[in-house]
Amino acid sequence: MLYIGVDLGTSAVKLLLMDEKGAIRNIVSEEYPISFPHPGWSEQNPEDWLKAVLKGIGELTANEDKSQIAGIGAGGQMHGLVVLDKDDHVLRPAILWNDGRTQEETDYLNNVIGREKLTEQTGNIAFTGFTAPKILWMKKHEPDLFARIDKIMLPKDYINYMLTGTNCTDYSDASGMLLLDVKNKCWSREMLEICGIREDMMPKLYESYETVGTLKPEYAKLLGLPKTVKLVAGAGDNAAAAVGTGVVGAGGCNISLGTSGTIFISGGDKFRVDSGNALHAFAHADGGFHLMGCMLSAASCNKWWMDEIIRTKDYPKEQAGISDDMLGRNHIYFLPYLMGERAPHNDASARGCFIGLTMDSTREDMTQAVLEGVAFGIRDSLEAAKKLGIHVEKSMICGGGAKSPLWKKIFANVLGITLTIPETEQGPGYGGAILAAVACGEFASVKDATDKLVRVTDTVEPDPELTARYEEKYKVFHSLYPALKPLFPTL
């Protein structure tokens, strides 16, 4: 049988077709626009996602025996607020995960409702990207639209709803709304009340590998697929990527270098919260829990530097001038806060900076600083995990940034851990396809599936001497944000 994996990202949807042995038969990608109507705002039209998914499935399956397609699973960008009226019309553009308009609402939740109350109810505190602050923002600034809300959902769940008619979400994605009691896997009635919404507006909760419905007849006909094709609840993009890289059960770790950057530590059945709330305590797509640190700008920092500043698309050429003896010796630091920052600072006012420039600074020095700054940012989250007694010795690494051999070497030595590279780099999409295969009975469990399907093709080991050099550099980097924090709001 064949399974479709959907990676509903920020700039495009990527779809892949996987067979029962884990081999990828085809991959397609469809882009859609993103709008920034005000500085710090980030929005998309959910209908663009649906059009892209439908077009992508058509291209993906054009030369296949469509009768063999059994299931569809998605990994989706998290936290986005999608609101529909009683006639299922989208009320406003979706407010995305990297939108920073909700600082006032975030401060209200953390400081008035209180971090202790939020942690008690959800396991987490408020971040500007989370869904609950967006609901409060809409309630205050768009009261007429707010009054017409009939359904609230997340980006990938809009696709599932349109294709099946089931208003659903999974625990991993719902964890990032600040509306879910993550530990007990149910909606927090107190949080719903604080946000002024009802439980009947919320989607039904599922495990990521559970079937939520089958294709509506009109979509089955449009796509030429069997009406029996199962759609699974799917997962938030990071949990889906963790499945796609085999990071399930207790003790696994995955680093994702996409538009945003994450370090994902699977915890099995153990639910943990760090006292500083630097890490997100979320449900995992395997039925357990995980901790995650998320920085808002990762590979997007390098894309910004390359595309917008030095204006080149030849990324390998720019990195070729950075020799091994330059690593750990750079006198320039880059703070990667181009969209503000989430973990561990939770500061929408934070901004990107180059520090340490001198007359002999080179283009290569600045390119290297960008790569190192992102690695240092992930290191901040790893340090928070260490305070919980979690010892990470190795990690999978995936995402567009992980295609760079230089960047992988920098990460291995900044973090001081072994990095393993999966055979398949399509993390969220591959994870979505695996979840669909589990739902269709191809495998007994998510763990069973990943044990059989996920394979490692390469390993990057840290060098003790270089790790020691980066240890000293990290100490300097770690001191920069606290020193600059008072200045950011004035900018």
Inset, instruction - Answer whether the closest heavy-atom distance between the side chains of Ile397 and Asn254 falls below 4.5 Å. - result: no
Legend entry - Ion pair check, Lys387 and Asp274, cut-off under 4.0 Å: no
Legend entry - Closest heavy-atom pair and its distance - Ala283, Ser175: N-OG, 3.0 Å
Inset, instruction - Please work out which of the three classes, parallel, tilted or perpendicular, describes the rings of Phe282 and His280, given edges at 30° and 60°. - result: parallel
Legend entry - Spacing of Tyr219 atom OH and Ile57 atom CD1 [to the nearest 0.5 Å]: 10.5 Å
Legend entry - Phe411, Phe477, Phe334 screened by ring pair (Phe, Tyr, Trp, His ring centres under 6.0 Å) with Phe376, the one that passes: Phe477
Inset, instruction - Of all the heavy-atom pairs spanning Trp407 and Gly401, show the shortest one and how long it is. - result: CE3-O, 3.6 Å
Inset, instruction - Would you give the length of the straight line joining atom CD1 of Ile69 to atom CD1 of Ile72, rounded to the nearest 0.5 angstrom? - result: 7.5 Å
Inset, instruction - Using a strict cut-off of less than 4.0 Å between a Lys/Arg side-chain nitrogen and an Asp/Glu carboxylate oxygen, indicate whether Glu105 and Lys139 qualify as a salt bridge. - result: no
Inset, instruction - May I ask you to check whether Phe127 and Phe130 place their ring centres under 6.0 Å from each other? - result: yes
Legend entry - Exceeds 12 heavy-atom contacts within 6.0 angstrom, atom CD of Glu193: no
Inset, instruction - Nearest 0.5 Å please: distance from the OG atom of Ser256 over to the CE atom of Met295. - result: 11.5 Å
Inset, instruction - To the nearest 0.5 angstrom, please state how far the CG atom of Asn124 sits from the CG atom of Leu109. - result: 12.5 Å
Inset, instruction - State, with a plain yes or no, whether a side-chain heavy atom of Val243 is found less than 4.5 Å away from one of Tyr430. - result: no
Inset, instruction - Compare every heavy atom of Tyr209 with every heavy atom of Gly287, then report the nearest pair and how far apart it is. - result: N-CE2, 4.2 Å
Inset, instruction - Keeping the roles fixed (side chain from Asp87, backbone from His89), state whether a donor-acceptor pair exists under 3.5 Å. - result: no
Legend entry - Between Asp170 and Ser208: side-chain donor-acceptor atoms closer than 3.5 Å: yes
Inset, instruction - Using only heavy-atom distances, determine whether the side chains of Gln44 and Asp48 contain a donor-acceptor pair under 3.5 Å. - result: no
Legend entry - Within-4.5 Å side-chain heavy-atom neighbours: Thr61 and Leu223: no
Legend entry - Glu207/Lys185 ion pair, N-O < 4.0 Å: yes
Inset, instruction - Run the salt-bridge test on Asp237 and Lys156 with the 4.0 Å N-O cut-off and return the result as yes or no. - result: no
Inset, instruction - State, yes or no, whether a side-chain contact exists between Leu17 and Ile24 at a heavy-atom distance under 4.5 Å. - result: no
Legend entry - Salt bridge flag under 4.0 Å for residues Asp181 and Arg189: no
Inset, instruction - Indicate yes or no: at least one non-hydrogen side-chain atom of Leu145 is less than 4.5 angstrom from one of Arg148. - result: yes
Legend entry - Considering all heavy atoms, the nearest Leu231-Thr214 contact: CD1-C, 4.3 Å
Inset, instruction - Return the minimal non-hydrogen interatomic distance between Val374 and Cys301, and the atom names on each side. - result: CG2-CB, 4.1 Å
Legend entry - No-hydrogen, no-angle side-chain donor-acceptor test under 3.5 Å, Glu341 and Tyr481: no
Inset, instruction - Assess whether side-chain contact (heavy atoms from CB on, under 4.5 Å) is satisfied between Met177 and Leu154, documenting all intermediate values. - result: CA-CA 9 Å; Met177 298 182 81; Leu154 294 160; 3.8 Å; yes
Legend entry - Option passing ring pair (Phe, Tyr, Trp, His ring centres under 6.0 Å) with Trp137 (candidates Trp41, Tyr108, Phe146): Trp41
Legend entry - CG on Asp7 to CG on Leu15, rounded to 0.5 Å: 8.5 Å
Inset, instruction - Determine whether the side chains of Trp304 and Ser297 contain a donor N or O and an acceptor N or O closer than 3.5 Å. - result: no
Inset, instruction - Indicate the ring-plane relationship of His290 and His284, choosing parallel, tilted or perpendicular according to the 30° and 60° boundaries. - result: perpendicular
Inset, instruction - Please answer whether the main-chain N or O of Leu81 pairs with a side-chain N or O of Thr131 as donor and acceptor at a distance below 3.5 Å. - result: no
Legend entry - Heavy-atom donor-acceptor pair, Lys14 side chain to Gly429 backbone, under 3.5 Å: no
Legend entry - Pairwise side-chain contact, Thr164 with Leu215, heavy-atom cut-off 4.5 Å (strictly under): no
Inset, instruction - For the pair Lys394 (side chain) and Ile417 (backbone), establish whether a donor and an acceptor sit closer than 3.5 Å, ignoring hydrogens and angles. - result: no
Legend entry - Lys NZ or Arg CZ of Arg379 over Tyr474 ring: under 6.0 Å, within 45°: yes
Legend entry - Contact check, side chains of Leu91 and Ile149, non-hydrogen atoms, under 4.5 Å: yes
Legend entry - Electrostatic pair Arg92-Glu43, nearest N-O below 4.0 angstrom: yes
Legend entry - Lys151: which of Asp157, Asp88, Asp200, Asp85 passes side-chain hydrogen bond (donor to acceptor under 3.5 Å, both in side chains): Asp88
Inset, instruction - Taking the side chain as every heavy atom from C-beta outward, state whether Leu279 and Met292 have any atom pair closer than 4.5 Å. - result: no
Inset, instruction - Give, for atom CG of Asp347 and atom CG of Leu484, the distance between the pair rounded to the nearest 0.5 Å. - result: 11.0 Å
Inset, instruction - Would you confirm whether the ring centroid of Tyr337 sits within less than 6.0 angstrom of the ring centroid of His345? - result: yes
